[in-house]
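Proteins come first, then strands; the chains are lettered A, B, ... in the order of their sequence lines, and each starts at number 1. Because the structure is a prediction, the values reported are computed rather than measured.
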Amino acid sequence: MRELARKYATSVEEWLKGVAFAMQEFLFFSLRAFGKLGAARRYWRDVLDQAYICGVESLPILIVSALSIGSLIVIEVGHQLAEFGAKTMTGRSVALSVVREISPLVAGLMLAARVGARNSSELGAMQISEQIDALRAFGTDPIAKLVVPRLVAAALMFAPLIALCDVLGLVSGAYLAEWDLHLDPGIYWNSVIDILRPMDWVVGFSKPPVFAIGISLISCYNGFATTGGTAGVGRSTIKGIVYSSAFVLITNFYLSKVILDLMRG
Amino acid sequence: MIELRNVSLRYGSREVLKNVSLTIEDRTIKAILGPSGVGKSTIIKLMLGLIKPTSGQVLIDDVDITHLSEVELFPIRQKMGIVFQGNALFDSMTITENMSFFLRENLNLSEDEIRRRVQEQIKFAGLEGYEDSLPDRLSGGMKKRVAIGRALIFHPKMILFDEPTAGLDPVSSKKILDLIARLQREIGLGAVLVTHILSDVFAVADSVAVLYQGEIIFNDAPQKLYESAHPFIASFLANPED
Ligand SMILES: Nc1ncnc2c1ncn2[C@@H]1O[C@H](COP(=O)(O)OP(=O)(O)OP(=O)(O)O)[C@@H](O)[C@H]1O
Ligand SMILES: [Mg+2]
């Protein structure tokens, strides 16, 4: 029994050590990426490529998500409001939840999956095929060449993508409100414009840069840390998606909470 | 000259190299022979400072590189080309781009000079006509020759080969070994040739070190292998395919 307990304790200890080590490595990795940000000018072609991949190629899934967000809120919240004879308030509810929370969150999760999977699998494959070692051996810093362009491209693209989701979410809400609740679009848009304050945009747009940095660094780090052949690339890809998504879920909550608390004084 | 002094390396609790000492003189071809998973790729990466030893020192031309930063390592790495086990070509770049990429990155050369150097390597490796192909389209032997061409692009004085003939058919293998011998003969290029194939050793090596269970158990001329009493070497000579 005691033997078993000791064994268990050692394996927990080993695991904790592993986690602490990985956190420390991740921190160094992130610092080096920030230190090399200037390389984005030198590798501007890679920045453009990555911006295309994470911006343009993500559009279809983001459009589908954004359209469903607005419609869903109208279906759920609009009907409740209508029961109390307050369906003219539909626009307000949609506006606040879309701009502040749901659109950044859903877009963030979609980007975590797309960008996270792509970075960690692509860099993981380069790691196990020794292409990352080859860069170093011939004098190119792999963080400058591979990580910085991905980081910068995401930081540039996430905000406009989420803005697009905001707009599409609101528009789809307007259509559904008219069609389902027979609410005049003029009334809907008036209440949308009425309720949205600068603070709501601050909350909504504080998120994309944080998501961009978090998702890029987490997924690139996972790619670089890949070991163990093809199966290792699979593991890294899963980790890239899971950790990136968890990051989005957690920071989304805290950013809203902290900024709203601050602004409400 | 490459020198390993009492180099040990562990991954976690696993000790891969134990107190390895080894010297490779310029202009000579040194083979490092060992079974699969013994740490052959590891030893090559140590020589370039791609991984750091747990203890001991790696010296290149009498400079201890053990604690150098990536930037400080670059001039030293330029003296040594490397051909990775799986070639490590960039699969989204053409053959020409694979060769010119690092020249453009690191040296301030004119486009004419870059084109001249790349053309020189393409010709040497016998790859005319494939300049604009992607690596995917080439055979194993040709990819290996591209990797060798890339390794020579900085005009190094030493080249490190990680199992250059593994997975190649006998004809391609022979071509690669001929190329290695020719490089030594014609431009005095020294080489480290890591391999698990005995015939590679006899084909080109001036001397051979045998790596077994993390230790160097033999270090002498290839012919002396037959005089060794070590049971691993004896069984390896008897069944070279193991
Ligand atoms: N990053 C790493 N983390 C943990 N273990 C590793 C790592 N890299 C290599 N190893 C282990 O170290 C040992 C030596 O690896 P190395 O790749 O140098 O062997 P090798 O002789 O080149 O093998 P092969 O014939 O397969 O190419 C192997 O057992 C390998 O599993
Ligand atoms: Mg190997």
Side-chain angles (χ1 to χ4, degrees), chain A residues 10-11 13-15 17-18 20-22 25 28-29 31-33 35-36 38-39 41-46 48-50 52-53 118 121-149 224-230 232-233, chain B residues 11-14 37 41-42 44-52 68-93 97-107 135-136 143 146-147 149-154 156 158-160 162-163:
Chain A
T10 352
S11 75
E13 195 187 317
E14 287 288 308
W15 179 80
K17 265 191 209 154
F21 181 74
E25 291 284 292
F28 288 152
F29 179 86
L31 291 176
R32 279 180 57 201
K36 294 277 171 194
R41 286 183 52 181
R42 172 168 193 178
Y43 297 117
W44 60 273
R45 273 173 197 284
D46 299 276
L48 284 186
D49 281 349
Q50 293 302 326
Y52 183 83
I53 289 167
R118 190 180 169 107
S121 58
E122 196 169 304
L123 300 185
M126 290 185 77
Q127 176 65 273
I128 63 157
S129 62
E130 300 181 307
Q131 291 178 50
I132 292 180
D133 282 331
L135 284 172
R136 291 174 60 208
F138 292 101
T140 296
D141 181 343
I143 292 194
K145 165 82 179 155
L146 300 173
V147 179
V148 168
F224 272 54
T226 302
T227 53
T230 328
V233 176
Chain B
Y11 287 120
S13 56
R14 183 151 186 263
S41 299
T42 302
I44 285 224
K45 287 179 189 172
L46 279 166
M47 292 174 180
L48 277 174
L50 292 171
I51 43 185
K52 306 276 179 195
L68 296 188
S69 70
E70 290 284 301
V71 176
E72 292 165 332
L73 274 168
F74 180 59
I76 292 175
R77 286 174 176 164
Q78 263 189 305
K79 300 182 189 178
M80 295 181 289
I82 176 168
V83 178
F84 287 93
Q85 195 164 355
N87 302 322
L89 298 174
F90 301 111
D91 32 29
S92 57
M93 296 185 193
E97 287 166 348
N98 260 290
M99 292 189 179
S100 60
F101 175 72
F102 292 111
L103 282 179
R104 227 171 251 130
E105 282 275 291
N106 299 304
L107 305 185
D136 253 2
K143 277 188 226 172
V146 176
R150 182 176 76 176
L152 296 174
I153 208 82
F154 291 140
M158 192 64 107
I159 181 165
L160 314 180
D162 194 352
E163 309 213 28

Notebook entry, point to check: Counting only heavy atoms not in K36(A), do more than 12 sit closer than 6.0 Å to its NZ atom?
Noted result: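 Counting other residues, nucleotides and ligands, NZ of K36(A) stays at 12 neighbours or fewer.
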What are the two closest heavy atoms between [X] and [Y], and how far apart are they?
X	Y	result
F84(B)	A137(A)	CZ-CB, 4.3 Å
S129(A)	A88(B)	O-CB, 3.3 Å
E130(A)	Q85(B)	OE1-N, 3.5 Å
T140(A)	E105(B)	OG1-OE1, 2.9 Å

Notebook entry, point to check: Counting N and O atoms only, with roles assigned by atom type, does the side chain of R77(B) sit under 3.5 Å from a partner on the main chain of G139(A), one being a donor and the other an acceptor?
Noted result: no
Checklist line | Contacting moiety of L50(B), where chain A heavy atoms sit under 4.5 Å | finding: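 The answer is both parts of L50(B).
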Notebook entry, point to check: Tell me, side chain or backbone of I153(B) under 4.5 Å from chain A's heavy atoms, or both, or neither?
Noted result: neither
Notebook entry, point to check: Who passes salt bridge (Lys or Arg N to Asp or Glu O under 4.0 Å) against R118(A), sequence neighbours left out?
Noted result: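 With neighbours one apart ignored, the set is E122(A).
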Check: Could you give the distance from CG (D133(A)) to CG (D162(B)), rounded to the nearest 0.5 Å?
Finding: 10.5 Å
Close side-chain approach of [X] to [Y], heavy-atom, < 4.5 Å:
X	Y	answer
F101(B)	L135(A)	yes
D91(B)	Q131(A)	yes
R150(B)	F138(A)	yes

Next item on the list: Mind checking ring pair (Phe, Tyr, Trp, His ring centres under 6.0 Å) for F29(A) and listing every partner two or more places apart, or none if nothing turns up?
Entry: Y221(A), F224(A)
Checklist line | Structural part of F21(A) lying under 4.5 Å from a heavy atom of chain B | finding: neither
